Amino acid sequence: MTIFVTCNLSARTVFLFNIITVLVLVTYLVDLEKKIANAKDSSEHDSSLLNNQVNGALLSNSFSSQNLTVFYNRVPKTGSTSFVGLAYDLCSKNKFKVLHVNVSKNAHTMSLPDQLRFARNLSQWDLKQPSFYHGHVAYLDFSKFGSSSPLFINIIRQPLDRMVSYYYFLRYGDDFRPHLIRKKQGNKTSFDDCVKEGQAECDPNNLWLQVPFFCGHHADCWIPGSSWAFEQAKNNLVKNYLLVGVTEKMEEFVAVLEATIPNLFKGALKLYRKGSKSHLRKTNMKIPPKAETIARFRNSTVWQLENEFYEFALRQFEYVKSRTLKPDLSDKGQQFFYEKIRPK
Ligand SMILES: *[C@@H]1O[C@H](CO)[C@@H](O)[C@H](O)[C@H]1NC(C)=O
Ligand SMILES: *[C@@H]1O[C@H](CO)[C@@H](O)[C@H](O)[C@H]1NC(C)=O
Ligand SMILES: *[C@@H]1O[C@H](CO)[C@@H](O)[C@H](O)[C@H]1NC(C)=O
Ligand SMILES: *[C@@H]1O[C@H](CO)[C@@H](O)[C@H](O)[C@H]1NC(C)=O
Ligand SMILES: *[C@@H]1O[C@H](CO)[C@@H](O)[C@H](O)[C@H]1NC(C)=O
């Protein structure tokens, strides 16, 4: 009896062992194939990058590819209009196309067929020039649709500042289109009173915008205070965004971008400095919130996560900036080179 059980067991064990061996082998093969594909990709990539190389010295970052596509999926009320203005001012001179993606009814996510259409169109549309897309749409994972991803960039802002600014913008407009009648024109309620009265417009849940924008097109991204969405947003920021700046450091953002993608942004910093007044969009009136209003927000999970996300983005941006720019915001230039190249 005992032997039988043992024997039976060992037969099972052998069977299981076989299955595991097969699984391990298959995983290994799939992995190997991926590695080969990656190596192929990067070698193709390298050869196009190395075209302008002189004796293994300076590499050009004027990417020769006409398929260079940048997508700025802008968060509303973060100073994005100022920045997009720069792209429109530079596009003729630097020879690239600017396209606005108008997502109807200010929905920040697209239907599934639209996601597919957009991903396919953006990655296959050969405009013969580099292109810069911008639009108020949440992060989209292009690989999900079998399409190659554009270079994502974005700008975020201190969450409460963004909300307060938007609140007064709806009431008083801004200097960009001063004569446009805004949705809440004539409403004199201050943000503090709105919060004190617990009005829906000033609910901390409305802060939930930058995290879901970076999180993307998933249901849970849009649940205020979701810690899953928060993690997803941070992951996307580091893995899938070329650069994320903050409204409070717009000039530095422009400088890093110019250093990184000069074929689109050559001259951007100079232009930004020269015309920073005309590029900056200011809300006509804004009363800073009282301490008790701020305390109330700080108490909410939504504020805490949004704020932590902002701080995370800011640290990352500062880090990138310090590696890229000199104190006067000029480009440090290439800081690596090849040597000991064999055989000669
Ligand atoms: C987007 O399109 C709608 C409908 O054509 C239009 O009313 C709206 O002004 C457009 N949005 C922008 C920002 O141009
Ligand atoms: C650009 O994309 C098109 C369509 O995907 C492709 O046919 C073309 O070879 C690409 N050009 C470069 C320079 O990569
Ligand atoms: C992308 O969409 C534009 C505008 O609808 C169209 O003109 C273009 O042919 C499309 N490109 C591709 C590759 O589908
Ligand atoms: C003004 O805005 C506040 C905050 O949303 C709202 O509670 C109030 O009803 C509005 N007042 C008028 C007259 O619409
Ligand atoms: C913060 O939350 C705690 C616990 O929910 C509550 O006792 C406190 O009054 C809140 N503070 C503010 C400023 O809302």
Side-chain angles (χ1 to χ4, degrees), residues 65-88 91 96-111 113-138 140 142 145-150 154-155 160 162-174 176-209 213 279 281 283-290 292-293 296-297:
S65 159
Q66 65 206 31
N67 290 348
L68 172 66
T69 305
V70 174
F71 184 20
Y72 172 30
N73 67 320
R74 44 201 282 212
V75 180
K77 290 309 286 177
T78 51
S80 56
T81 308
S82 330
F83 173 66
V84 165
L86 279 180
Y88 278 103
C91 62
F96 66 95
K97 290 255 193 311
V98 185
L99 301 91
H100 178 226
V101 187
N102 185 331
V103 184
S104 58
K105 295 225 167 9
N106 280 334
H108 299 318
T109 54
M110 294 175 171
S111 71
D114 271 353
Q115 291 174 45
L116 181 67
R117 273 191 278 269
F118 178 59
R120 286 293 167 122
N121 183 275
L122 189 143
S123 61
Q124 288 172 9
W125 194 3
D126 193 355
L127 289 163
K128 309 276 184 238
Q129 280 177 358
S131 48
F132 178 91
Y133 289 77
H134 63 100
H136 293 308
V137 50
L140 190 64
F142 280 68
F145 305 99
S147 301
S148 59
S149 182
N154 219 327
I155 299 168
L160 190 54
R162 202 194 63 80
M163 186 167 167
V164 173
S165 172
Y166 188 56
Y167 181 89
Y168 287 112
F169 167 77
L170 291 178
R171 285 160 176 74
Y172 300 94
D174 62 15
F176 184 64
R177 280 181 288 188
H179 303 299
L180 209 66
I181 301 292
R182 299 292 169 182
K183 222 154 97 194
K184 309 241 168 172
Q185 198 95 19
N187 183 315
K188 298 269 192 292
T189 309
S190 74
F191 186 77
D192 292 305
D193 288 342
C194 177
V195 171
K196 207 187 282 168
E197 289 160 16
Q199 297 292 340
E201 194 184 349
C202 306
D203 193 299
N205 280 355
N206 295 341
L207 282 182
W208 197 247
L209 189 66
F213 243 79
H279 282 301
R281 189 172 171 178
T283 302
N284 281 332
M285 184 165 116
K286 197 170 136 189
I287 307 161
K290 289 183 183 145
E292 57 182 279
T293 305
R296 216 181 268 223
F297 271 89

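Throughout, residue positions are numbered sequentially from 1 according to the sequence presented. Indexing begins at 1, ligand by ligand and atom by atom, following the structure's order. Everything numeric in this text was worked out from a predicted model, so none of it was measured.
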Specify the protein heavy atom at minimum distance from atom 7 (O) of ligand 3: its residue, its atom name, and the distance to 0.1 Å.
W125 CZ2, 3.9 Å
Students should be able to answer this: which protein heavy-atom is nearest to atom 11 (N) of ligand 1, and at what distance?
N102 ND2, 3.0 Å
Does ligand 4 come near enough to [X] that some N or O of the ligand is less than 3.5 Å from an N or O of the residue?
X	answer
N187	yes
E201	yes
Q199	yes

Protein heavy atom under 4.0 Å of [atom]:
atom	result
atom 2 (O) of ligand 1	yes
atom 14 (O) of ligand 3	yes
atom 5 (O) of ligand 4	yes

Do N187 and T189 have side-chain atoms, one donor and one acceptor, less than 3.5 Å apart?
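Looking only at side-chain atoms, T189 and N187 do form a donor-acceptor pair, the distance falling under 3.5 Å.
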Under 3.5 Å, is there a donor-acceptor pair between the side chain of [X] and the main chain of [Y]?
X	Y	value
R162	P76	yes
Y168	F191	yes
H108	V137	no

P150 and side chain to side chain contact (heavy atoms under 4.5 Å, CB included): which single residue from V70, L140, L122 fits?
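The option that passes is L122.
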Angle between ring planes, H134 versus Y88, binned at 30° and 60°: parallel, tilted or perpendicular?
perpendicular
Which of the numbered atoms in ligand 4 are under 4.0 angstrom from any heavy atom belonging to C194?
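So the atoms of ligand 4 that pass are 4 (C).
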Are any of the heavy atoms in R171 under 4.0 Å away from ligand 4?
yes
Under a 4.0 Å threshold between the charged nitrogen and the carboxylate oxygen, would R171 count as salt-bridged to E201?
yes
Report yes if some N/O of N121 lies less than 3.5 Å from some N/O of ligand 3; otherwise report no.
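In this structure, N121 places an N or O atom under 3.5 Å from an N or O of ligand 3.
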If you draw the axis of the six-membered ring of F118, does the NZ or CZ of R120 fall within 45° of it and under 6.0 Å from the ring centre?
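Ring-cation test returns no.
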Does the side chain to side chain contact (heavy atoms under 4.5 Å, CB included) test come out yes or no for T78 and F83, once each step is laid out?
CA-CA 10 Å; T78 51; F83 173 66; over 6 Å; no
Near H100, which atoms of ligand 1 are under 4.0 Å from a heavy atom of that residue?
12 (C), 13 (C)
Q124: numbered ligand 3 atoms lying under 4.0 Å from its heavy atoms:
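Atoms satisfying the 4.0 Å criterion: 13 (C).
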